[in-house]
A.B. asks: 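Take a look at this one; I'll ask things after.
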Amino acid sequence: MRELIDRLAREHTLTGREFAALIAGRDKDLDAYLFQRAVEVRQEIFGNRVYLRGLIEFTNYCKNDCYYCGIRRSNREAQRYRLTEEEILSCCREGYDLGFRTFVLQGGEDPYFTTERVCALVRAIKAQAPDCAVTLSIGERPGEDYQAMFDAGADRYLLRHETANDGHYRTLHPPSMSPENRKRCLRDLKNIGYQVGCGMMVGSPGQTPAHLAEDMLFIRALEPQMVGIGPFIPQHSTPFADRQAGALELTLFLLGLLRLMLPKALLPATTALGTIHPRGRELGILAGANVCMSNLSPTAVRAKYALYDNKICTGDESAQCRGCLEARLASIGYEAVVDRGDHPDFT
Ligand code: SAM
């Protein structure tokens, strides 16, 4: 197995069978070997710098009905909220004063936020903070809408593919959603020139090592600048309420593989990782990740963006979140940096 890891580090790819064998056969020794290689690669490119992003969860209205997600349309228990443009700009100003130079605007697929409104918002953020990068994560749209938002100044776009296997995709989503459209969106975003992020939930219901191997090959072919992966975590009022959460060890292992496959990628140690283990984000960094998200949303709405149960950081003020992350990173010898932190090919 170590030879496969060495070859991945050298050639940046493996066959599907080899990825599946690694994923199915991992153990503690192999984890340690992989993480050491992944950290070496990451250190060479990024040193001990970890990029902090300011995250604004600006709406939890969603027209989609993904079976795993707590803000799905059919969840009548979800307390819906939508920030005004002025509230979003105020979160950005607060973030700017805390030093953040990347704002990630994430939300459900909320029809209120038409492409015109999103473009106006991006222009307003860029007008008040021209030195900042804006990342959008607002789901599937037609290619021309992505183009308009890019023209308005958006720099990056996060759209997890969720799973590269079409059959598996259909077990996680209602028939109104299609894997073809999700993949079409990612191709459009790349062609337009965004720094693009895809990714999957680890341990989502029905997922096998072969599915994860397909994810690796899909990511290899797409060559995104960012890959967001985190464990699936059940949410009590969704159809997957009783399913098992994804495992910490497997998520860390995949982060390590991703670092070797795409050495220059921006890889977040996600909030979901921090939710399933008290030191999950630190362990993510020690497995090869190099990005953390700090929440800038108003505290009054934080708990309402409840994609899954027991989400961390729902009570802290923005400054506390930043301080907490900085201290966590310092505790493992890493430096939190808040500059734009573009992908090395985009600087
Ligand atoms: N609507 C946008 C989209 O579809 O990309 C962004 C918001 S969506 C809630 C962000 C991500 O949350 C999804 O891509 C999914 O991977 C993740 N997510 C949703 N429910 C989750 C759960 N129960 N456990 C872990 N991650 C979850």
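Only a predicted model underlies this, so the values are computations on that prediction, with no experimental measurement involved. Start at 1 and go down the list; that is how both ligands and their atoms are numbered. Basis for what follows: all heavy atoms, side chains included, without hydrogens, waters or symmetry-related copies.
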A.B. asks: Report yes or no: does Y305 have a heavy atom closer than 4.0 Å to ligand 1?
C.D. replies: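 Yes, Y305 has a heavy atom closer than 4.0 Å to ligand 1.
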A.B. asks: Roughly how far apart are C292 SG and Y51 OH, rounded to 0.5 Å?
C.D. replies: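 C292 SG to Y51 OH: 13.0 Å, rounded to 0.5 Å.
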A.B. asks: Got an N/O contact under 3.5 Å between Y68 and ligand 1?
C.D. replies: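 By distance alone, the answer is yes.
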A.B. asks: Should the pair R160-D215 be classified as a salt bridge under the 4.0 Å nitrogen-to-oxygen rule?
C.D. replies: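 D215 and R160: not salt-bridged.
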A.B. asks: Distance below 4.0 Å between atom 8 (S) of ligand 1 and any protein heavy atom?
C.D. replies: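 No, there is none.
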A.B. asks: Is H161 reaching over with its side chain to a backbone N or O of G199, donor-acceptor style, under 3.5 angstrom?
C.D. replies: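 Confirmed, H161 side chain pairs with G199 backbone.
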A.B. asks: Any atom of ligand 1 sitting under 4.0 Å from a heavy atom of G107?
C.D. replies: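 G107 counts as a contact of ligand 1 under the 4.0 Å cut-off.
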A.B. asks: For F232 and Y68: C-alpha separation, side-chain torsions, deciding distance, then whether ring-ring contact (aromatic ring centres under 6.0 Å, His included) applies.
C.D. replies: CA-CA 8 Å; F232 158 74; Y68 46 83; 7.3 Å; no
A.B. asks: Counting non-hydrogen protein atoms only, what is the nearest one to atom 4 (O) of ligand 1? Give residue, atom name and distance.
C.D. replies: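 Nearest protein contact, heavy atoms only, for atom 4 (O) of ligand 1 is R182 NH2, 3.3 Å.
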A.B. asks: Look at atom 22 (C) of ligand 1 and say whether a protein heavy atom is found at less than 4.0 angstrom from it.
C.D. replies: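 When distances to the protein are checked, atom 22 (C) of ligand 1 has a heavy atom within 4.0 Å.
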A.B. asks: Report yes if some N/O of A272 lies less than 3.5 Å from some N/O of ligand 1; otherwise report no.
C.D. replies: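 Between A272 and ligand 1, no N or O pair is found under 3.5 Å apart.
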A.B. asks: Within the structure, does E162 bring an N/O atom to less than 3.5 angstrom of an N/O atom in ligand 1?
C.D. replies: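 There is such a contact, yes.
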A.B. asks: What do you reckon, does A245 put a non-hydrogen atom under 4.0 Å from ligand 1?
C.D. replies: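 A245 does not count as a contact of ligand 1 under the 4.0 Å cut-off.
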A.B. asks: Run the side-chain hydrogen bond (donor to acceptor under 3.5 Å, both in side chains) test against E249 and tell me which residues pass, sequence neighbours left out.
C.D. replies: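 With neighbours one apart ignored, the set is empty.
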A.B. asks: Kindly say whether G341 contributes a backbone atom to a donor-acceptor pair with the side chain of R53 at under 3.5 angstrom?
C.D. replies: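 Yes; judged by distance alone, with no hydrogens or angles, the pair exists.
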